[in-house]
Amino acid sequence: MSPRRAKVAVIHAPSSVGVSVHRVEGVDKVTGAARYLDDLVVPGVLHGRTVRSVVPRGRIRRVTLDPAFDWKGVVVADHRDIPGENVVALIANDQPLLAVDEVRHAEEPILLVAHENPERAEAARLAVKVEIEPLEAVLTVEDALARRALVHGDDNVFKEIVIARGDLERGFSDADLVIEGEYRSGHQEQLYIENNAMLAERTRDGGLFVRGSLQCPYYVHRALERMFALPAGKVRVLQTVTGGGFGGKEEYPSMIGGHAALLAWKSGRPVKIVYDRLEDIAATTKRHPAVSRLRAGVMRDGTLTALDFDLVMDGGAYETLTAVVLSRGAIHAAGPYRWPNVRIRARGVATNTPPNGAFRGFGAPQTQFALECHMDRIAAALGMDAVELRHRNAVRIGDVTPTGQVLKESVGARQVLERVAARSKWSAARREIERANAAAEVAERSARTVNGGRRLRRGLGVSLVYHGAGFTGSGEVRLASLAAMDLDRDGHPRVRVANTEIGQGTTTMFAQLAAEALRVPAEFVRIEDPDTGSVPDSGPTVASRTCMVVGGLVAECATAMRERLELFAERPIKGANDFAHVARRYLAARGALRIERRYRRPPGIEWDDASYRGDAYGVFSYASCAIEVEVDLDTCETRVVHVQTAQDIGKAIHPVLAAGQIEGGTLQGLGWALLEELRWKEGRVWNHQLTNYIIPTSADAPPIEVEIVEIPYSHGPHGAKGVGELPMDAPAPAVVAAIAHATGVAVSEIPVTPERLRRALREAGR
Amino acid sequence: MSRPIRVTMTVNGRRRHVTVPAMKRLRDVLREDLKLSGSKEGCGEGECGACSVLIDGKSVNSCLVPAAQASGARIVTIEGLARGRRLSALQRAFIELGGAQCGICTPGMLITATELLQRAKGRVPGDQEVREALAGNLCRCTGYQKIVDAVRAAARTRVSAKRAKARPRAAAARTRVSAKRSARPKTRRP
């Protein structure tokens, strides 16, 4: 594959940053030329299929290959064929690549088959008979905590975290009101439109070359080293054009890549595994369901005094990423507010369901959904306006978070709330809606027909959230990301990083940051493909870290490159042609030029893993949403009419791409709030189809108005903070608040499907 | 599999003959027999629209069309929207306004949007009309806002191109950037 180049003209140099240049791979994507994994034609390729458990928990008694089936040309592999360790290496390393004698969740992989004809491969899969003796399964967090059966350790708890600050007892005794609540959110499927897909080949030197749709090439690389007992240099992982990730291609590609590699290892042929939608929804990771119980103390004037937050998340059958999802959820549980006294207890529990994993927001949407719903309950109890309560308590510079982090700079909580209140004309709009709802009610009572006979009510709700950018705590220090730049033969600067373009615009953003420092147009910068054979490990493409952390390293590399070349030329470099000229002279005189920069912890950021105290993140981004809905009181359907949002992301390197992240994340949040629900039957997903797992269409999507607020962060490139996940946190609680405004009933569980809303309205006697 | 039949169709302006099983999906015929891999698959059951192609001017899910049914049809795929290297107004607007993110839905989205603009015959369709027209094409990245903006901008270009030469508007209409008045941010230096 040739390096991706920034084609197409920039709108204009001299400055790249802050300008919406054309995205690097834009033309390929609008002409059908972009090659996704399934589009690659590989001679001699076999198609792999996965035989899975149909029960949530049990002992494997026997696996038999149907003797009536013609097994000619079929490659079969099970756990005994794994040359190294039977583990998908991640954090706890508890998940096997293929089950040995027990299964802990439905859809757990047991055996692999491959054939050059995909239909024969599928027939072979169906000709494998697996006999499993079922054991009692734990399918809900309640059953897990009640230890209905023990499926992990002696308490079914993967991880418990307690974060405490101040004196909770005193906080509650200072309060005029103590308000309690319980909030729930369910599984959510990432639903990238390109299903998971990987391709593996054995190399001539006895190694492996694995390509695929993935976010983190080095995650797959390290997993393959362990599974095949290979040294790092014998494994190569390359990301192909990826049709969406949202966290869903963070850890699971290690599993599929391992499966394809095992079949390739055994057969000596290239092997493709491309999931269809049914398999992808049924078997791969989802957002962790969460149950949050809150007790909050508040004074009459709206000052918050105490928060006791108990969180339980369903991790599924293996630990995988649960401890870190739980951690991010717990750290964000108190929201962007001053709580002088707070205690957060978080537990991630084991159940016999497919492991839950990374999904945009990574735990923070779940806890902030609960907290924001609770803020509205507090406002209602006080008779105080929802914006006023938030504004009074929103964090400012100098305030302290529950982990003891002092917010030193770039705190946009109040600004984003003020902008959203102003742009939505909050108070006037709420009053107008209340008048219209009252008029509709009067008209309906007098049997006059309004709204074509439909009993419609409108409502407007607001939310305020924050999101820490980068890995939690000492995560970035441990990752120690390395980014590099060098010169290609034509004298173009080339960025070498492992971070992936999955639709969000990574490649374009890196080109801009390098171009700005080199004082050349973005189109002049080349970006190497994320190939572990040719790029250093700059860490995974997750945690809203790519621009702020890795982008910062790229900008440093570019600055150092320019300084080095100017020193060589003994004069400033002016523009692209001059750069290429100087670079070629440098290459001829001195040989290759490669600049590397490794992540260093910014000064003044301290974190202690043992006590869970300190600076959980270098900085937080902030967002507020005002959402207007229309509820049909007869069908109980909720339509989102309009979204107004303001988000403080430090600096928009590329305003169009940044707004695209905000709009896309907002709609995923609306889907989570209203539509998206996985239905389970005996531990298996039964709505694993786009026919009945419903995501928002363009007809469901409201107009989304975005205002980007830029309060710069001194350690981000040009002031940039994270933007990828933040937009996911804000919509759901604003929707619930808007429904409460429309109907007078505050639901406490999402998605607010018509069935759930109807139940809630009935219970409230409406 | 059904028995092979000979199918003749016009694809992106070229007459093509293939001998394929009668029930082979048009999507697979295009990708495997005609090597046009631009049409994708997201669900295989006609829900996501990633495999949309124009059949006699109508946007259709090619995963639901058997080869036999495409016999004699005029088919346009994503590969047929540009004239040589010259992109259509719609393709240009998608690039300029951020209508494509991961790009996997983009071929189908552009096909359906092309049908809409042909039907609109030089009129600029309204926001709601665009949303209704594209409701059979799922996108998980964009929230649809920039897709709707791009389709309408392309329609405007076509309308104004009739009167005078004009360019699609470069700025995304719905995004504002408000910077704080404070000093310029510092960047890290090595």
Side-chain angles (χ1 to χ4, degrees), chain A residues 11 22-23 26-27 29-32 34-36 39 191-195 241-244 246 276-277 502-504 552 555-556 559-560 597 651-652 655-657 659-660 663-664 666-668 689-691 695 697-699 701 703-715 717-719, chain B residues 36-45 47-48 50 77-79 81-82 87 91 94-98 100-107 110 127 130-132 134-148 170 172 174-180 182 184-190:
Chain A
I11 289 175
H22 289 177
R23 63 185 304 151
V27 172
K29 284 180 173 171
V30 301
T31 56
R35 293 278 174 270
Y36 298 78
D39 304 332
L191 224 123
Y192 29 74
I193 303 295
E194 182 206 23
N195 289 310
V241 183
T242 296
F246 318 114
D276 64 12
R277 183 61 65 189
I502 53 174
Q504 77 286 51
E556 284 183 30
T559 301
R597 285 292 179 271
K651 168 76 184 174
V656 166
L657 292 177
E663 291 157 7
T666 298
L667 191 62
Q668 286 181 2
Q689 287 172 276
L690 281 174
T691 307
I695 64 167
T697 68
S698 51
I704 301 168
E705 290 194 50
V706 175
E707 177 165 340
I708 294 172
V709 176
E710 297 184 320
I711 303 177
Y713 170 48
S714 63
H715 300 294
H718 303 274
Chain B
L36 295 169
S37 63
S39 304
K40 308 303 180 191
E41 174 168 328
C43 68
E45 56 176 357
E47 290 287 344
C48 76
T77 71
I78 182 68
E79 289 91 347
L81 292 189
L87 303 181
Q91 288 171 310
F94 264 59
I95 293 178
E96 280 166 24
L97 299 183
Q101 285 192 25
C102 85
I104 194 84
C105 77
T106 308
L110 283 167
D127 186 278
V130 176
R131 289 174 188 277
E132 293 291 336
L134 299 180
N137 290 79
L138 296 177
C139 167
R140 190 59 154 172
C141 292
T142 62
Y144 303 103
Q145 187 63 57
K146 301 219 178 300
I147 292 175
V148 174
R174 289 177 186 274
T175 308
R176 274 181 48 146
V177 177
S178 65
K180 209 190 162 194
S182 68
R184 269 181 69 81
K186 284 173 283 183
T187 46
R188 280 183 287 172
R189 296 286 164 192

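Quick note on labels: first sequence line is chain A, next is B, and so on, each numbered from 1. Nothing here was measured: the structure is a model prediction, and the numbers come from that model.
Between the CD atom of Glu47(B) and the CG atom of Asn137(B) there is a distance of 11.5 Å, given to the nearest 0.5 Å.
Salt bridge status for Glu194(A) with Lys40(B): absent, with no side-chain N to carboxylate O gap under 4.0 Å.
At a 4.5 Å heavy-atom cutoff, the contact between Leu87(B) and chain A is made by side-chain atoms alone. In this structure, chain A has a heavy atom under 4.5 Å from the side chain of Glu45(B), while its backbone stays farther away. Contact of Leu110(B) with chain A is made through the side chain alone, with heavy-atom distances under 4.5 Å. When heavy atoms are compared at a cutoff of 4.5 Å, Asp39(A) approaches chain B by way of both its backbone and its side chain.
In terms of heavy-atom pairs under 4.5 Å with chain A, the best-connected choice from Ala135(B), Cys48(B), Cys139(B), Gly38(B) is Ala135(B). Across Asn195(A), Ile695(A), Thr666(A), Asp276(A), the residue that shares the most heavy-atom pairs under 4.5 angstrom with chain B is Ile695(A). For the set Thr691(A), Thr31(A), Leu657(A), Leu191(A), the entry with the most heavy-atom pairs within less than 4.5 Å of chain B is Thr691(A). Taking chain A as the reference chain and counting heavy-atom pairs below 4.5 Å, the highest number among Pro107(B), Cys102(B), Gly143(B) is found for Cys102(B).
Counting heavy atoms from C-beta outward, Val706(A) and Ile704(A) have side chains that approach closer than 4.5 Å.
A search for side chain to side chain contact (heavy atoms under 4.5 Å, CB included) contacts involving Ala34(A) returns Asp28(A), Lys29(A), Tyr36(A), Val241(A), not counting sequence neighbours. Under the side chain to side chain contact (heavy atoms under 4.5 Å, CB included) criterion, Ile502(A) pairs with Gln215(A), Gln239(A), Thr242(A), Thr500(A), Gln504(A), sequence neighbours left out.
A donor-acceptor pair is defined here as one N or O able to donate and one able to accept, closer than 3.5 Å; such a pair exists between the side chain of Arg131(B) and the backbone of Ala701(A).
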